[in-house]
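Below: one structure, written as structure tokens.
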Amino acid sequence: MFLKQLSEAVGVSGREAEVRDLIRAEIKDDVDQIETDALGNLIAFKEGKPEYPTILLAAHMDEIGLMITDITDDGLLKFKPIGGIDKRILVSKQVVVGPDKIPGLIGAKAIHLQEPDERKNPLDYGELYIDIGTKEKEESEKLIELGMMATFATEFKHLGTDTVKGKAFDDRVGCAALVELLQQEHQLSIIAAFTVQEEIGLRGASVVAYDLDPDLALVVEGTSASDVPDSKEAGYSTQLGAGPALTVQDGSLIPSQPVVNKLIEVAKQNEIPYQFRKLTTAGTDAGAIHLTKEGIRTAVMSLPCRYIHSPASLINLNDYQATVKLLTKFCEEMEEGGLTDEGIN
Amino acid sequence: MKELIKRLVETFGPSGDELAVRELIRGEIKDQVDHIEVDTMGNLIALKKGQDDSKKVMLAAHMDEIGLIATHIEEDGFIRFSNVGGVSPYNLLGERVLFNGETIGVIDKEGKLDDISKLKHDKMYVDIGATSQEEAEKRVKIGDTATYYRQLDLLENRLVAKGLDDRAGCAVLIETIKQLTEQPTFDTYFVFTVQEEVGTRGAITSSYGINPDVGIAVDLTLTGDTPEAKRMAVSLGEGPTIKVKDRSVLVNPQLKNLMIDLAEENEIPYQLEVLDRGGTDTGRMQLSREGAIAGAISIPGRYVHSPAEMIDLTDLENSIKLLSKIVQSDYQGLF
Amino acid sequence: MDSKQVLKELSEATGVSGYEKKLGQQVAQLFEPYVDQIEFDKLGNLLAYKAGESQQEYKVMLAAHLDEIGLMVTEIEEGGFLRFTTVGGVDQRTVVGQEVTVHGREDLSGIVGAKPPHLQDEEEQKKSFEIEKMYIDLGLAEAEVKKKVRVGDIISLQRDLLSLENDRVAGKALDDRAGVLLLLETLKELDKMTHQVDLYAVATVQEEVGVRGATTSTYGVVPDIGIAVDVCHGLMPGVNQDEAVELGTGPALSFGPHIHPQLVKKLKEVADEIELDYQLDASPSPRGTDAYAIQVTKSGIPTAVLSIPLRYMHTSVETVSLNDIKRGARLLAQLLRELEGEFVEGLRCF
């Protein structure tokens, strides 16, 4: 499964090379043209018939991670977070550092050596470090450069019947779905943008659409699912197994109503399950894309993902299949009639 | 004027759903402008051609108002919601709201609340009178939006209503168009923007499209003239304010001075505004493309973002006077 | 005029965010002998253009910001006291007792006052002074103040540049006048050599209030490479090793997700080639310098950040080493000398 390769690839914001190369190799025979831009966004063009609209599909390649900022005299690696990481999850996790994936772990003082009060407080970045087994600074410096990125060493694996666990489903699921779409035949022109630096503030998406001028855009994301104990149904942002989630509003976007309506219509017609993302905060690449130049009609479709931004998250494969299907059918529908201007807002 | 504002504020238009407001405004001005269009985001853009087409002036007032968005419908028909723009949960207790411009609901909080400071949107709900999820969903679906449900009242010389932020600004632009006796100096774009309350988004795309040389926003500002108010040297009824600074902009000093000079020459009362909180469409106009000379006229408002925003009619009239003088001025010192 | 004298003039000049016009003209005079063309855009950014030898017209933009943090009058109180707010990130604890200039109809000297400690109760004394409770005393009668000062007038900090031991100086607004000096020194270095690429030395406005000048100036220039020249934190007691760099051991190159990897690699290579000391400064978040705006202009610009180590940032005693500035200029000049089309084109190939 290509998602396995994508999930296990390392691509912290600004260092998306491995993911980019994987995707490029996977789609190169299926598209008409592939480009990169000055930030590292990978943009693939699949030309359709000129009378049909052009759709921009976007998913981000980068994941959250840790950047090495200093090496101590003992050879330990100090780090800072890249993107939104809950520092409380870091201690005692396995990581890989740099392009050569040097194995390491995140250490901290053992429980025996802590005062009772210390145990209640989360460890701060000043107290955490990565241990790669080196004994002194010089030894580490042979392997590690400042600025190298570390990410969780997590294997992609089936869990239960329809569920898989892995890291970086935010947003490798989106990348995988876009790749599947590119491998199909279409009548309309598709531009697939695999963006960089989403997790540090939608950087790639801020520039990616500038030269593209699509008729509409659809962002495919991984989003947090909160159907877990101690959470009320009203507070679930999304639920696993209930299909892709459509955004009604988030901190960066009010989606184009005609696009959302069309997605709902297509889902209903084809009996594809869907849900709404009930959280109205946080943002996605759509926030930057829809404000490009004079504006682009944009919507977001997200795959529910439990324990997002952590070493191990869970998704439901049925949700993934439903996401690909909804995307596919939506593109087909665009070939039929496209969007009307009714109710634009 | 009062009648126009009444229609404007009583029209439904939370951020992202400005259709009804836009149609109302379009009807008011379409015969009096040279060109009118709606862009992809939904901004309404009306052009009054100038005597000189070498420069472009953009005037912006936003059509959208703050509101609520339905995020979940309970089995027994209660609607859970989140905010659209800056809506305080305290203002919502006991408040009536209107979904989709037609469905009235009332708001209360879950269970017992010992500490009002812990009141959050997700501990509250809207009751639209439905007895089941199914019944509720016939009228309100997830993603539907609501506004306060209030009418406009006139208290002495002061207007009280929801949505004066920024329908009052829209009224100033509309009246300026209507009252202009001659062509403006330069091509002047009257832009009624969308999605200001969620991040001045409509102004981003409309400024890009117009690419103005000068941008002036007309919006509400706050005052410091109520009991124990946070310090601010702006009072209701003492004239429109000429903005110097808010969180989105440091106003071009030459434009600020031009506005001051015009106000003084024409004996229009004015106040100078340094707003510590909040931003406006001004900042977006300033930073569009290679930049614009940007400033703003504000209408002093009390209780902004509450169901009962208050402005003074004289301030409104003086705002129109000042804006009219600006668009007919020679923009001295700017270019 | 030697570099220290130039820095003294720059530091002591006034240019609070949004009000940089006069300072811009002063800097234009400094740049003028070394460039082909100077213009100002609508926001007041100073764009100095120096043509390269090549016909291919690759453009490199160096940006240092003109503006400094400051204060603004919000209210004229009974007795003629001025209440004020901040423009940019002023640390309120550093303002009490500060001498300031109020730029009213004329420039007026004043002192920032607050309720004296002996009139405060014990609880109050434990807390730092808050901006809302401070005021400026001009020593003038209320009527006089009202004639000369209006709400919205700008206030700048007063501070003469102080020469310290070694090559170090301390003063206000060295963030980022030190960077402006670095730009000037780069232009001077370039005068002695030839370069292929076109250079835009841009002194930007309104950086301290949200990198606003860089947003519009980059849009106008559309460079192939953008380098922000700013200051970073110098090491001192209480500051972590990985959050600051040493004063006097060379300029710092930022590393982080938003910095173009090939561009920073090239800068390191150039530094090694000319045996120039440099340091590395961790920048996990893209915010904080003009690079934040430069990188995402139009369809994207390869971006790097070169910083001058500086202690006590955003106070009136910011401290830098002149040597770091000179070394930074040598590095940038050498980079410009070496840049050619193939490398620039390669920055888009990932």
Side-chain angles (χ1 to χ4, degrees), chain A residues 12-17 20-21 24 34-43 61-62 64-73 77-83 85 124-126 129 145-149 194-212 288 292-293, chain C residues 58-59 211 215 218-219 222-226 232 235 238-245 252-265 267-268 278-288 291-305 344-350:
Chain A
V12 179
S13 308
R15 303 285 184 278
E16 298 89 353
R20 187 167 41 230
D21 292 345
R24 184 160 30 205
I34 302 183
E35 289 176 0
T36 52
D37 67 12
L39 269 64
N41 293 310
L42 181 74
I43 307 164
M61 296 189 286
D62 64 315
I64 51 133
L66 309 168
M67 184 170 80
I68 311 303
T69 54
D70 197 18
I71 303 174
T72 69
D73 291 342
L77 315 179
K78 301 302 294 178
F79 58 85
K80 284 277 191 310
I82 298 297
I85 294 188
D124 208 346
Y125 289 100
Y129 46 82
E145 258 179 54
L146 297 190
M148 273 185 181
M149 300 290 184
F194 300 92
T195 63
V196 297
Q197 302 181 28
E198 191 269 355
E199 299 288 0
I200 58 163
L202 325 180
R203 310 292 289 166
S206 297
V207 304
V208 76
Y210 190 84
D211 288 332
L212 300 177
T292 303
K293 290 185 174 175
Chain C
Y58 290 105
K59 291 184 272 190
V211 295
T215 303
T218 314
Y219 191 96
V222 206
D224 296 288
I225 289 174
C232 65
L235 267 175
V239 173
N240 286 334
Q241 190 82 28
D242 63 343
E243 283 167 334
V245 296
L253 294 169
S254 289
F255 64 89
H258 61 299
I259 304 292
H260 197 292
Q262 297 308 314
L263 184 55
V264 77
K265 185 163 166 262
L267 277 158
K268 289 179 191 174
Y278 67 90
Q279 312 179 70
L280 294 172
D281 183 44
S283 179
S285 159
R287 291 168 195 276
Y292 186 61
I294 295 171
Q295 188 198 18
V296 293
T297 302
K298 289 196 172 175
S299 51
I301 314 284
T303 305
V305 179
V344 178
E345 292 285 347
L347 294 174
R348 288 175 179 273
C349 302
F350 277 87

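Just so it is clear, the structure is predicted and the values come from calculations on it, not from any experiment.
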Inset, instruction - Return the option, out of C/I259, C/N240, C/V296, C/D281, with the maximum number of heavy-atom pairs under 4.5 Å with chain A. - result: C/V296

Inset, instruction - Side chain from CB out, backbone as N, CA, C, O: work out which of these in A/R15 comes under 4.5 Å of a heavy atom of chain C, or both, or neither. - result: side chain

Inset, instruction - Kindly indicate whether the side chain of A/I85, heavy atoms from C-beta on, has any atom under 4.5 Å from the side chain of A/L66. - result: yes

Legend entry - Residue pair A/A38 / C/G300: nearest heavy atoms and the distance that separates them: CB-O, 3.5 Å

Inset, instruction - Check each atom of C/H258 against the heavy atoms of chain A and say whether the ones under 4.5 Å are side chain, backbone, both or neither. - result: both

Inset, instruction - Pick whichever of C/Q295, C/H260, C/R287 has the most heavy-atom pairs under 4.5 Å with chain A. - result: C/Q295

Inset, instruction - Heavy atoms only, distances under 4.5 angstrom: which of A/G40, A/A17, A/S13 has the most pairs with chain C? Name it, please. - result: A/G40

Inset, instruction - Kindly compute the distance separating NZ (C/K298) from CG (A/D37), expressed to the nearest 0.5 Å. - result: 15.0 Å

Inset, instruction - Of all the heavy-atom pairs spanning C/I301 and A/L39, show the shortest one and how long it is. - result: N-CD1, 3.8 Å

Legend entry - Which of A/T292, A/L146, A/D211 touches chain C most, by non-hydrogen pairs under 4.5 Å: A/L146

Legend entry - Closest approach of A/M61 to A/V196 (non-hydrogen atoms, all atoms of both residues): CE-CG1, 3.7 Å

Inset, instruction - Side chain from CB out, backbone as N, CA, C, O: work out which of these in C/P286 comes under 4.5 Å of a heavy atom of chain A, or both, or neither. - result: side chain

Inset, instruction - Calculate, to the nearest 0.5 Å, the distance between atoms CG and CG belonging to C/L280 and C/D242 respectively. - result: 12.5 Å

Inset, instruction - Describe, in one word, how the ring planes of A/Y210 and C/Y219 are oriented to each other, choosing from parallel (under 30°), tilted (30 to 60°) and perpendicular (over 60°). - result: perpendicular

Inset, instruction - Side chain from CB out, backbone as N, CA, C, O: work out which of these in C/S285 comes under 4.5 Å of a heavy atom of chain A, or both, or neither. - result: neither

Inset, instruction - Using non-hydrogen atoms and a 4.5 Å limit, figure out which bit of A/I68 sits close to chain C: side chain, backbone, both or neither. - result: backbone

Inset, instruction - Heavy-atom distances under 4.5 Å only: say whether C/Q262 touches chain A with side chain, backbone, both or neither. - result: neither

Legend entry - Which of A/T69, A/N41, A/T72 touches chain C most, by non-hydrogen pairs under 4.5 Å: A/T69

Inset, instruction - Just give me the residue among A/E35, A/K293, A/R203, A/M67 that pairs up with chain C most often, heavy atom to heavy atom, under 4.5 Å. - result: A/R203

Inset, instruction - Starting at CD of C/E243, measure out to OH of A/Y125 and round the result to the nearest 0.5 Å. - result: 12.0 Å

Legend entry - C/T303 versus chain A, the contacting section by heavy-atom distance below 4.5 Å: neither

Inset, instruction - For A/R24 and C/F350, work out which heavy atoms get closest and say how close. - result: NH2-O, 2.9 Å

Legend entry - Option that, when pairs with chain C are counted at under 4.5 Å, heavy atom only, ranks first among A/M149, A/K80, A/K78: A/K80

